[in-house]
Amino acid sequence: MKLMKLGARPDTFFTSGPVRSVYTEVATDLEILVDHCLFRLHKALCAESDAVELPGFPGGAEAFEACAKFCYGIAVTVGAHNVVPLRCAAARLGMTEAADRGNLGAKLDAFLASCLLRRWRDALAVLRATARHSAACEELGVTSRCVEAVAILITDPGSSASEAGCSSWPLWARDVSELGVDLFWRVMVAVKAAGTVKGRAVGDALQVYARRWLPNVAKGGYLVEQTDGSTGSADVAATNHRFLVEKMASLLPAERNAVSCSFLLKLLKAANVLCASPATKAELTRRAALQLEDASVSDLLIPSCASETLYDVDAVMAVLEELALRQAAAAGIPEASPPHARGHRRSRSAESSEFEGARRSTSAAASHGAMVRIGRLVDGFLMEVAKDPNLPLDKLVAIAEAVPDCARPEHDDLYRAVDTYLRVHPEMDKSSRKKLCRVLNCRKLSETASMHAAQNELLPLRVVVQVLFFENARAAALSGPGASRVAGMAGGVKALLAKTRREGGGEEATKDEQRLRGRAGGAPGDDDWSVEGLKRAASRISTLRMKLEEEEEEEDADDGAFVHRARPGLVRSASSRVRALCAIPGGKPKRMLSRLWPSSRSIAGSERH
């Protein structure tokens with residue numbers, strides 16, 4: 001630490017209780033009261049009156065005594081630890097060049113400019129000290145000079161900052177993290193304006209500062225250590241943290257990967273909990289959408305404070321909507337209104353087409369690999385939020401449909417989310433279950449997931465039929481292993497019909513099963529449920545597609561609720577619906593049910609891709 005010595009005379013001040021006097025041959029005739037300390041001096045210093053009181057004096061009695069010693073020519077030592085209060089005290093006492101040449105104020109300014117502000121440690125110490133006298137330092141311009149000096153030391157490789165070992169970002173970032181948020185913000189703005197520090201270094205400094213001052217998010221808010229339990233202290237802490245989050249958001253570098261997506265989502269969590277400004281939330285949402293593929297599921301689990309749900313799915317939906325808009329803009333697609341903006345949800349096909357166009361674009365659109373990572377991320381998020389019993393169905397469906405088809409090469413994780421939601425919400429009616437299951441693409445289920453779905457009593461029967469159809473079509477093109485898979489699927493349907501027969505206990509259920517077997521395989525008996533029997537049934541499944549379309553509305557009106565627990569009047573549900581699907585007249589036109597299966601041309605096209 002650099003020091004400056006003013007004056008040469010020995011110290012002649014002495015203390016007697018709360019009174020401090022100067023020993024000279026001339027008796028003192030002036031009393032000045034500073035911070036309950038009485039100074040007995042001479043009128044030559046102040047000829048206006050015999051007694052003066054200086055309330056709120058900057059630096060207190062210690063700074064006033066140093067100024068008095070300077071007037072008497074007594075030696076005073078000045079360094080980074082006391083230069084700021086001395087400069088403010090000199091200004092309060094009018095110790096300027098206008099009053100006397102070579103006065104204390106001018107000497108302190110010269111010491112700051114020529115020595116202290118050229119050294120990294122001293123400059124930081126002086127800048128921190130300005131926070132205790134912010135108003136006076138702002139008026140004197142001390143704060144702005146210190147901010148500029150620290151920024152220069154950071155940006156100039158040949159400055160004393162590098163000599164102090166602070167040219168590497170972790171070191172200078174750690175040092176500036178000790179500053180208050182306002183001073184830190186001003187330093188970082190100056191650093192960014194210089195343009196010589198990389199965005200990654202600025203981002204690293206922001207993350208170091210956030211770890212130092214930003215507490216962690218909890219379900220009930222922020223985990224803030226309070227010195228007391230008063231409400232006022234909690235409110236002040238929340239206000240300070242909200243101010244911090246808003247300042248951090250304004251400092252984010254323009255470079256895409258300057259900060260991690262995890263850090264951006266942490267700031268977004270804080271912004272939501274602390275009720276930050278809409279502009280701050282919008283900026284964080286925009287930045288998180290740009291690099292969403294780098295996030296993890298835990299990053300998306302933002303605690304919800306405004307609703308009964310565990311997590312804030314609206315915030316995640318906003319990120320996905322921003323991603324869709326930016327992908328559409330990159331692909332040259334006209335900007336569309338976000339989901340729910342006009343009171344209804346956009347169709348899934350429209351959203352998928354937007355994303356498909358964006359994926360094919362050679363501009364700034366995300367790569368296919370990035371979109372696949374985003375798909376896995378969202379499905380993992382859905383598996384977590386599906387466990388929330390208070391999560392509305394519409395929000396779960398909206399999140400699932402916000403991801404394009406190209407981002408999901410397989411639907412296993414999405415199926416797990418659907419299955420979890422059905423088990424957590426057993427009270428769902430048939431229409432709600434059908435709405436939920438529309439997000440699934442049965443062609444993209446793996447063998448394991450298809451086996452589970454075929455025996456899942458919570459799924460609508462229509463979904464089970466889709467699973468059987470696509471598994472049968474897939475297995476028909478395979479040899480031995482595919483055949484064994486078909487056999488396993490057949491066992492699932494047998495279990496479903498057996499359950500129906502046990503619940504009904506009547507002769508009608510048994511006849512229904514026999515009729516289903518006869519119409520699907522062309523021969524009676526258990527042999528129809530063999531591998532060969534199901535292969536023969538493949539040729540008849542296309543006929544099912546025509547009949548299903550005709551009877552869709554009738555089925556919705558007559559089937560009743562299909563739930564995993566039997567209720568009165570429901571014993572016929574599974575077998576009677578399968579029977580209705582299989583009772584197909586021979587002369588019907590060949591029309592395909594687009595809701596269940598795409599046309600053969602679409603299937604062929606997807607297989608080529």
Inset, instruction - Show your reasoning for whether side chain to side chain contact (heavy atoms under 4.5 Å, CB included) applies to Thr420 and Met383. - result: CA-CA 7 Å; Thr420 300; Met383 285 192 291; 5.7 Å; no

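- Rounding to the nearest 0.5 angstrom, the gap separating the CG atom in Leu252 from the CG atom in Leu284 is 6.5 Å.
- The distance from the CG atom of Asp294 to the OG atom of Ser262 is 10.5 Å, given to the nearest 0.5 Å.
- Nearest heavy atom pair, residue Val245 against residue Ala270, reads CG2-CB, 3.6 Å.
- Contact annotation: the side chain of Val316 never approaches that of Leu301 to less than 4.5 Å [non-hydrogen atoms, C-beta and beyond].
- Between the CE atom of Met248 and the CG atom of Leu206 there is a distance of 5.0 Å, given to the nearest 0.5 Å.
- Taking each heavy atom of Ala271 and Lys281 in turn, the nearest pair found is O-CE, 3.5 Å.
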Legend entry - Working for side chain to side chain contact (heavy atoms under 4.5 Å, CB included), residues Leu300 and Val297: CA-CA 5 Å; Leu300 293 179; Val297 173; 5.7 Å; no

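- With contacts defined as side-chain heavy-atom distances shorter than 4.5 Å, the pair Val372/Arg408 does not qualify.
- Taking both residues in full, the closest heavy atoms of Leu393 and Ser432 are given as CD2-O, 3.6 Å, listed atom of the first, atom of the second, then distance.
- For the pair Leu377 and Leu292, the tightest heavy-atom approach, listed with the atom from each and the gap, is CD2-O, 3.4 Å.
- The shortest side-chain heavy-atom distance between Val202 and Leu251 does not fall under the 4.5 Å cut-off.
- Using a 3.5 Å distance cut-off with no hydrogens or angles, the side chains of Thr309 and Asn390 do not pair a donor with an acceptor.
- Between Arg200 and Asp204, no side-chain nitrogen of the basic residue sits less than 4.0 Å from a carboxylate oxygen of the acidic one, so the salt-bridge criterion is not met.
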Legend entry - Working for side chain to side chain contact (heavy atoms under 4.5 Å, CB included), residues Leu244 and Tyr209: CA-CA 10 Å; Leu244 169 59; Tyr209 195 85; 3.4 Å; yes

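- Within the 4.5 Å cutoff, the side chain of Leu310 has no heavy atoms near those of the Glu384 side chain.
- Ser446 and Thr448 are not linked by any side-chain donor-acceptor pair at a separation below 3.5 angstrom, with hydrogens and angles left out of the test.
- Judged by distance alone, the side chain of Gln291 and the main-chain N or O of Val259 form a donor-acceptor pair under 3.5 Å.
- A distance-only check finds no donor-acceptor pair linking the side chain of Tyr421 to the backbone of Pro389 [under 3.5 Å].
- You'll find the side chain of Leu468 stays beyond 4.5 Å of the side chain of Ser450, heavy atoms only.
- One finds the CZ atom of Arg462 at 9.0 Å from the CZ atom of Arg438 (value rounded to the nearest 0.5 Å).
- Between Arg416 and Asp413 there is a salt bridge, since a side-chain N of the basic residue sits under 4.0 Å from a carboxylate O of the acidic one.
- A donor-acceptor contact under 3.5 angstrom links the side chains of Asn456 and Tyr415, judged on distance only.
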Inset, instruction - Any chance you could lay out the side chain to side chain donor-acceptor pair (under 3.5 Å) test for Ser296 and Ser298, step after step, and finish with the verdict? - result: CA-CA 5 Å; Ser296 64; Ser298 60; 3.1 Å; yes

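- Ion pair Arg256/Glu293 flagged as a salt bridge, since at least one NZ, NE, NH1 or NH2 atom sits closer than 4.0 Å to an Asp/Glu carboxylate oxygen.
- Residues Cys442 and Phe470 form a side-chain contact, since some pair of their non-hydrogen atoms from C-beta on lies under 4.5 Å apart.
- His411 has its side chain within reach of Leu414: a pair of non-hydrogen atoms, C-beta onward, lies under 4.5 Å apart.
- With Asp312 contributing its side chain and Pro303 its backbone, the two residues share no donor-acceptor pair below 3.5 Å.
- The heavy-atom pair separating Ala453 from Leu459 by the smallest distance is O-CD1, 3.5 Å.
- Between the side chain of Lys435 and the main chain of Lys430, no donor-acceptor pair closer than 3.5 Å is present.
- Annotation: the span from Glu410 atom CD to Lys444 atom NZ amounts to 10.0 Å, rounded to 0.5 Å.
- The two atoms that bring Pro460 and Cys437 nearest to each other are CD-SG, 3.5 Å, heavy atoms only.
- Donor-acceptor pairing under 3.5 Å is lacking for the side chains of Thr280 and Glu246.
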Inset, instruction - Verify side chain to side chain contact (heavy atoms under 4.5 Å, CB included) between Phe263 and Leu267, making sure each step is shown before the conclusion. - result: CA-CA 6 Å; Phe263 175 68; Leu267 289 182; 3.6 Å; yes

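- Between the side chains of Asp405 and Asn441, no donor-acceptor pair of N or O atoms lies under 3.5 Å.
- The residues Asp299 and Lys266 are annotated as not salt-bridged, no charged nitrogen and carboxylate oxygen being separated by less than 4.0 angstrom.
- The distance from atom CD of Gln466 to atom CG of Leu440, rounded to the nearest 0.5 Å, is 9.0 Å.
- Taking 4.5 Å as the limit, some side-chain heavy atom of Lys395 sits within range of a side-chain heavy atom of Leu391.
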